[in-house]
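A short write-up of the structure that comes next.
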Amino acid sequence: MKFETLAIHAGQTPDPLTGAVMTPIYQTSTYAQDGVGRPRNGYEYSRTQNPTRKALQDCLAALEGGNWGLAFASGLAATDTLLRLLASGDHVLAGNDVYGGTFRQFDKIHRRFGLHFSYVDTTDPEMVADSLTPATRLVWLETPTNPLLNVTDIRAVAEVLKARPNPPLLVVDNTFATPYLQRPLELGADLVVHSTTKYLGGHSDVVGGAIIGRDVELGEKLAFLQNALGAVPGPMDCFLVLRGIKTLPLRMERHAESALRVARFLQSHPAVERVLYPFLESHPQFYVAQRQMRNGGGMISFTLKGGREAAVRVAESTKLFTLAESLGGVESLIEVPAAMTHLSTQGSALEVPASLVRLSVGIEHVDDLLADLEQALEWA
Ligand SMILES: *Cc1c(COP(=O)(O)O)cnc(C)c1O
């Protein structure tokens, strides 16, 4: 079946008890057993299994072209659980422009438990190859990156890794692109990670995360960790993500159509220094993006000629774009990463430009969005 159909139906069948068309929110912690040690249909305790969560996990697996999916309480909970596959002394090679919270978790938490990290420009597969060590167990990519919208050729990196005798796992954080635009498992990645808080949920009303993969043994290891660590989402949260996913294809089409219009408008504005959007011809990885992604998505970053002050003034002057962290909802958001989402990267090699403004272009009418940016840019 096609993506649009899977988004609505995968993992979801009418409830066997009542025929309820929408997946019920199984708000229960435990399940009656038919005898001692004889649970019904495998359901024992909701940290381990919950029918609403199972529907979401199966839907996510179908959308990413995986054999299994696991849902978590947040994107960072998914990341934390995934890193528990590793042991003290292992090395992780990560992109040098990863989400601020991912970097903070690597740097402030996992490093204390003996994992080693290095950060490279993954847009250059040669750099990835040169930075691998005999201890490298995992390569962590984001594409497009948050907030600089750098694009990495997933297939090229996967080929570099598969050529190694004991290939490290290739993990792609697919939060920005969503499986509608890009399917990393089809391009050679081993695992996909999501913050479902963003486009998958799509309505800024839930926090969640996910891991999806194909290798069944790896899936069993991660399901063990999901249960052993316990960072699971509640059934209500799973229901909200499932509901959001139903309109993902429609939303992503509109996000991208409007974002391209906004990107072109910004590019022609005298106060703007540089616009970063994967489907602009001026983007350094435009051709990779065209090959790897269905469209450019809804995220745009740009720098202002007036520096940090101008960035702050613009972000504080929009009326329709709400000044807020997060992204991927139906409503448009604006922020200054260096002072907000990416504050944790300050002083590190991952520091982002102070004059950078990030937009999450929503699905309001594009004329209203352009008018709002036009008036705000007068303050720059
Ligand atoms: C938000 C985000 C995360 C973290 O997800 P949470 O749900 O906030 O924990 C990870 N990666 C990217 C790219 C994100 O945008």
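Just so it is clear, the structure is predicted and the values come from calculations on it, not from any experiment.
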For residues 305-316, tabulate all N or O donor-acceptor pairs below 3.5 Å that involve a side-chain atom, not counting sequence neighbours.
from: Lys305; atom 1: NZ; to: Pro270; atom 2: O; distance (Å): 2.7
from: Glu309; atom 1: OE1; to: Arg313; atom 2: NH2; distance (Å): 3.4
from: Arg313; atom 1: NH1; to: Trp379; atom 2: O; distance (Å): 2.8

Before giving the answer on side-chain hydrogen bond (donor to acceptor under 3.5 Å, both in side chains), spell out for Thr341 and Glu335 the whole-Å C-alpha distance, their side-chain angles and the decisive distance to 0.1 Å.
CA-CA 8 Å; Thr341 47; Glu335 69 128 355; 2.7 Å; yes
Taking atom [atom1] of [X] and atom [atom2] of [Y], what is their separation to the nearest 0.5 Å?
{"X": "Leu6", "Y": "Lys246", "atom1": "CG", "atom2": "NZ", "answer": "11.5 Å"}
{"X": "Asp15", "Y": "Leu17", "atom1": "CG", "atom2": "CG", "answer": "5.5 Å"}
{"X": "Arg47", "Y": "Asn227", "atom1": "CZ", "atom2": "CG", "answer": "5.0 Å"}
{"X": "Asp130", "Y": "Glu126", "atom1": "CG", "atom2": "CD", "answer": "6.5 Å"}
{"X": "Leu138", "Y": "Leu141", "atom1": "CG", "atom2": "CG", "answer": "10.0 Å"}
{"X": "Leu76", "Y": "Leu82", "atom1": "CG", "atom2": "CG", "answer": "12.0 Å"}

Return the set of residues passing ring-ring contact (aromatic ring centres under 6.0 Å, His included) with His255 (not counting sequence neighbours), or none when no residue passes.
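His255 satisfies ring-ring contact (aromatic ring centres under 6.0 Å, His included) with Tyr199 only.
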What's the verdict on side-chain hydrogen bond (donor to acceptor under 3.5 Å, both in side chains) for Gln105 and Thr79, showing C-alpha distance, side-chain angles and the deciding distance?
CA-CA 9 Å; Gln105 192 186 95; Thr79 301; 5.0 Å; no
Minimum heavy-atom separation for [X] and [Y], please, with both atom names.
{"X": "Glu273", "Y": "Ser355", "value": "OE1-OG, 4.4 Å"}
{"X": "Leu70", "Y": "Gly219", "value": "CD1-O, 4.2 Å"}
{"X": "Val336", "Y": "Ala354", "value": "CG1-O, 4.1 Å"}
{"X": "Met340", "Y": "Ala324", "value": "CE-C, 3.9 Å"}
{"X": "Ala271", "Y": "Leu377", "value": "CB-O, 4.4 Å"}

Mind checking whether [X] and [Y] have side chains closer than 4.5 Å, heavy atoms only?
{"X": "Leu359", "Y": "Ser332", "value": "no"}
{"X": "Val157", "Y": "Thr152", "value": "yes"}
{"X": "Tyr180", "Y": "Phe3", "value": "yes"}
{"X": "Ile212", "Y": "His194", "value": "yes"}
{"X": "Leu276", "Y": "Ile300", "value": "no"}
{"X": "His283", "Y": "Tyr277", "value": "no"}
{"X": "Arg294", "Y": "Glu253", "value": "yes"}
{"X": "Phe113", "Y": "Ser88", "value": "no"}

For residues 206-220, pull every pair meeting side-chain hydrogen bond (donor to acceptor under 3.5 Å, both in side chains), keeping only residues two or more places apart or in separate chains.
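Residue pairs passing side-chain hydrogen bond (donor to acceptor under 3.5 Å, both in side chains), neighbours aside: none found.
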Would you call the rings of Phe279 and Phe286 parallel, tilted or perpendicular if under 30° counts as parallel and over 60° as perpendicular?
perpendicular
May I ask you to decide if the ring planes of Phe117 and Tyr119 are parallel, tilted or perpendicular, using 30° and 60° as cut-offs?
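Rings of Phe117 and Tyr119: parallel, under 30°.
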Counterpart residues, side-chain hydrogen bond (donor to acceptor under 3.5 Å, both in side chains), relative to Asp124 (two or more places apart)
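For Asp124 there are no side-chain hydrogen bond (donor to acceptor under 3.5 Å, both in side chains) partners, ignoring immediate neighbours.
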Taking side-chain hydrogen bond (donor to acceptor under 3.5 Å, both in side chains) as the test, write out the residues that go with Glu281, two or more places apart.
Arg264
Step by step, work out the side-chain hydrogen bond (donor to acceptor under 3.5 Å, both in side chains) result for Ser204 and Glu331.
CA-CA 8 Å; Ser204 304; Glu331 73 295 334; 2.6 Å; yes
I'd like to know if [Y] and [X] are part of one continuous hydrophobic network [Ile/Leu/Val/Met/Phe/Trp/Tyr, side-chain heavy atoms within less than 4.5 Å].
{"X": "Phe176", "Y": "Val192", "value": "yes"}
{"X": "Val361", "Y": "Val366", "value": "yes"}
{"X": "Leu56", "Y": "Val232", "value": "no"}

Go through it in stages, so that I can follow the logic: the residues are Asp107 and Arg111, the test is salt bridge (Lys or Arg N to Asp or Glu O under 4.0 Å), and I'd like the CA-CA distance, side-chain angles, deciding distance and then a yes or no.
CA-CA 6 Å; Asp107 193 55; Arg111 229 153 49 88; 3.0 Å; yes
Which residue pairs satisfy the ring pair (Phe, Tyr, Trp, His ring centres under 6.0 Å) criterion with at least one member in residues 56-99, sequence neighbours excluded?
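Residue pairs passing ring pair (Phe, Tyr, Trp, His ring centres under 6.0 Å), neighbours aside: none found.
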Please report the C-alpha distance between Lys162 and Asp190 in whole Å, then the side-chain angles of each, then the deciding distance to 0.1 Å, and finally whether the salt bridge (Lys or Arg N to Asp or Glu O under 4.0 Å) criterion is met.
CA-CA 11 Å; Lys162 298 298 182 269; Asp190 298 295; 3.5 Å; yes
Run the numbers on Arg183 and Asn174 for side-chain hydrogen bond (donor to acceptor under 3.5 Å, both in side chains), then give the verdict.
CA-CA 8 Å; Arg183 271 181 291 284; Asn174 204 25; over 6 Å; no
Verdict with reasoning, Leu83 to Phe106, per side-chain contact (heavy atoms from CB on, under 4.5 Å)
CA-CA 9 Å; Leu83 266 87; Phe106 288 176; 3.7 Å; yes
